[in-house]
Trainee: 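Take a look at this one; I'll ask things after.
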Amino acid sequence: MSEELSVGCARPTGGPVGEEAGPKEQTEKIVEEKRMVMVGQKAPDFEAPGYHNGKFISMKLSENLGKWTLLCFYPGDFTFV
Amino acid sequence: MFKKLGVNVLAMSIDSMFVHKMWNDDELSKMVKGGIPFPMLSDAGGRVGKVYGIYDENAGVETRGRFIIDPDGVIQGYEVLTPAVGRNVSETIRQVQAFQLVRKTKGGEATPSGWQPGKKTLKPGINLVGKVWEEWTTDMAFDK
């Protein structure tokens with residue numbers, strides 16, 4: 001039976017349940033180096049598709065060099081805050 | 001306001017550009033006349049968000065990370081919030097104005113706690129050592 005979800009500000013997600021599929025003998029997990037970017041350092045460049053003024057676009061962060069840029073991440077479209 | 005300050009705003013989430021279009025056209029354009037004036041970028045899989053350290057692997061979404069990047073591409077400030085609390089845009093504007101002033105004066109002036117445009121700045125240098133108390137008082141940390 002499915003149950004009704006109450007919606008909050010976090011975007012609901014699912015995931016696998018029960019025993020993990022796949023080979024179990026995997027012992028060594030590759031540890032990815034995870035670091036937050038630092039103030040005073042270069043903002044990592046990226047290229048991303050998007051929507052702007054009624055058009056689909058592709059933009060690189062570095063296109064904005066020469067101007068101040070405010071890069072805002074958010075949890076998802078159609079969320080509440 | 002950001003346009004007036006010469007700031008390019010970019011929004012980014014894991015949603016596709018198609019969903020961005022629908023959200024803008026169906027809902028946001030009802031809040032903002034003419035729709036969202038800045039690009040809404042798509043970061044499927046959170047690959048950019050991971051590099052910036054704001055991608056939540058468990059939820060599969062990006063948190064509310066906001067980065068102020070100067071004209072040289074250097075990150076001057078950031079703020080990260082969990083989803084349920086929205087940003088204070090006025091504070092972001094204040095920070096941008098402060099960073100712009102510092103850049104304009106080539107570091108000759110610094111903005112103390114509570115600084116707002118028009119309020120006193122500090123001029124770091126040998127004469128200011130041990131003398132900040134003469135220039136700045138704790139009540140200046142608060143908005144008036």
Side-chain angles (χ1 to χ4, degrees), chain A residues 5-18 20 22 26 29-81, chain B residues 2 5-24 27 35-43 47-54 58-78 82-87 92 96 99-100:
Chain A
L5 272 179
S6 64
V7 289
C9 281
R11 191 178 140 125
T13 53
V17 290
E20 266 183 58
Q26 192 185 352
K29 226 180 162 184
I30 301 159
V31 182
E32 267 184 78
E33 201 192 336
K34 267 200 242 169
R35 269 181 68 195
M36 180 86 188
V37 292
M38 287 272 294
V39 290
Q41 290 184 356
K42 284 262 172 162
D45 197 12
F46 58 80
E47 186 165 20
Y51 179 66
H52 186 213
N53 287 340
K55 291 195 183 86
F56 292 125
I57 57 160
S58 176
M59 173 180 257
K60 274 182 144 178
L61 177 67
S62 50
E63 287 170 31
N64 298 284
L65 282 173
K67 284 190 87 175
W68 289 83
T69 303
L70 196 65
L71 174 61
C72 296
F73 293 90
Y74 62 99
D77 294 346
F78 293 106
T79 54
F80 306 105
V81 177
Chain B
F2 287 113
L5 293 172
V7 177
N8 287 346
V9 178
L10 305 175
M12 184 170 250
S13 76
I14 48 112
D15 300 282
S16 73
M17 60 185 184
F18 305 113
V19 181
H20 284 334
K21 177 184 189 307
M22 294 312 290
W23 193 30
N24 177 70
E27 187 175 22
I36 294 298
F38 45 79
M40 301 168 76
L41 302 175
S42 172
D43 183 24
R47 287 166 61 211
V48 177
K50 277 177 205 161
V51 172
Y52 277 79
I54 53 85
N58 294 321
V61 298
E62 331 216 86
T63 54
R64 247 175 250 290
R66 178 230 66 184
F67 298 79
I68 297 175
I69 303 169
D70 76 13
D72 296 323
V74 172
I75 298 170
Q76 293 294 344
Y78 60 75
T82 50
V85 171
R87 298 178 242 261
T92 300
V96 168
F99 284 122
Q100 288 184 337

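Throughout, protein chains are lettered first and strands after them, A, B, ... in sequence-line order, and every chain is numbered starting at 1.
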Trainee: Hey, does A/I57 have a side-chain heavy atom less than 4.5 Å from the side chain of B/P39?
Mentor: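 SC-SC contact between B/P39 and A/I57 confirmed.
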Trainee: For the CD atom of A/E63 and the CG atom of B/L10, what is their distance to the nearest 0.5 Å?
Mentor: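 Output value for this atom pair is 9.5 Å.
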Trainee: Could you tell me if the side chain of A/L70 sits less than 4.5 Å from the side chain of B/F67, heavy atoms only?
Mentor: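 With C-beta onward as the side chain, the pair stays apart.
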Trainee: What closest approach, in Å, do B/M17 and A/P49 show between heavy atoms, and which atom pair accounts for it?
Mentor: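 The answer is SD-CB, 4.0 Å.
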Trainee: Can you tell me how far the CG atom of B/D70 sits from the NZ atom of A/K67, to the nearest 0.5 Å?
Mentor: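 Those atoms lie 14.0 Å apart.
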Trainee: Nearest 0.5 Å, please: how far is CZ in B/F2 from CH2 in A/W68?
Mentor: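 The CZ atom of B/F2 is 12.5 Å from CH2 of A/W68, to the nearest 0.5 Å.
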Trainee: Are the side chain of A/H52 and the backbone N or O of B/P37 linked by a donor-acceptor pair below 3.5 Å?
Mentor: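 Answer holds: yes.
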Trainee: Among B/V19, B/L5, B/I68, single out the residue with the greatest number of heavy-atom pairs under 4.5 Å to chain A.
Mentor: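 Top option by heavy-atom pairs under 4.5 Å: B/V19.
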Trainee: Quick one: which of A/K55, A/K42, A/M59 has the most heavy-atom pairs under 4.5 Å with chain B, could you say?
Mentor: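 Counting heavy-atom pairs under 4.5 Å, the top option is A/K42.
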Trainee: What part of B/N58 is in contact with chain A, defined as an atom under 4.5 angstrom from a non-hydrogen atom: side chain, backbone, both or neither?
Mentor: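 Backbone only.
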Trainee: Do A/L61 and B/I69 have side chains that get closer than 4.5 Å, going by heavy atoms?
Mentor: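 Answer yes - side chains close enough.
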Trainee: Would you mind checking which part of B/T92 comes under 4.5 Å of any heavy atom in chain A, side chain (CB onward), backbone (N, CA, C, O), both or neither?
Mentor: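 Only the side chain of B/T92 comes within 4.5 Å of chain A.
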Trainee: Answer with side chain, backbone, both or neither: which region of B/E62 has an atom nearer than 4.5 Å to a non-hydrogen atom of chain A?
Mentor: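 Looking at B/E62, backbone and side chain both touch chain A.
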Trainee: Indicate yes or no: at least one non-hydrogen side-chain atom of A/F46 is less than 4.5 angstrom from one of B/L41.
Mentor: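 Yes, close enough: below the 4.5 Å cut-off.
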Trainee: Heavy-atom cut-off 4.5 Å, strictly under: side chain, backbone, both or neither for B/R47 against chain A?
Mentor: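 Nothing of B/R47, per the 4.5 Å heavy-atom cut-off to chain A.
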Trainee: Check B/R66 against A/C72 and note the closest heavy-atom contact, atom names and distance.
Mentor: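 Looking at all heavy atoms of both residues, the closest pair is CG-SG, 3.8 Å.
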Trainee: As an exercise: rank B/I36, B/N24, B/D43 by heavy-atom pairs under 4.5 Å with chain A and give me the winner.
Mentor: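 Most heavy-atom pairs within the cutoff with chain A belong to B/N24.
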Trainee: Which atoms of B/S42 are under 4.5 Å from chain A, going by heavy atoms: the side chain, the backbone, both sets, or neither?
Mentor: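 Backbone plus side chain of B/S42, per the 4.5 Å heavy-atom cut-off to chain A.
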Trainee: Working to the nearest 0.5 angstrom, can you tell me the gap between B/R64 CZ and A/F73 CZ?
Mentor: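 The CZ atom of B/R64 sits 13.5 Å away from the CZ atom of A/F73.
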Trainee: Distance-only, no hydrogens or angles: does the A/Y51 side chain make a donor-acceptor pair with backbone N or O of B/M22 under 3.5 Å?
Mentor: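 No, because the side chain of A/Y51 does not come within donor-acceptor range (under 3.5 Å) of the backbone of B/M22.
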Trainee: As an exercise, state the distance from CD1 of B/I75 to CD of A/Q41, rounded to the nearest 0.5 Å.
Mentor: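 It is 7.5 Å, given to the nearest 0.5 Å.
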Trainee: Nearest 0.5 Å, what's the CG-CG distance between B/N8 and A/L65?
Mentor: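 B/N8 CG to A/L65 CG: 10.5 Å, rounded to 0.5 Å.
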Trainee: What residue in B/F18, B/F38, B/Y52 has the most heavy-atom pairs under 4.5 Å with chain A?
Mentor: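 Among B/F18, B/F38, B/Y52, the one with the most close pairs to chain A is B/Y52.
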Trainee: If we ignore hydrogens and angles and just use 3.5 Å, is the side chain of A/D77 paired with the main-chain N or O of B/D15 as donor and acceptor?
Mentor: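 No, because the side chain of A/D77 does not come within donor-acceptor range (under 3.5 Å) of the backbone of B/D15.
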Trainee: Under a 4.5 Å heavy-atom cutoff, which of A/A43, A/S62, A/G40 has the most pairs with chain B?
Mentor: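 Between A/A43, A/S62, A/G40, the count favours A/A43.
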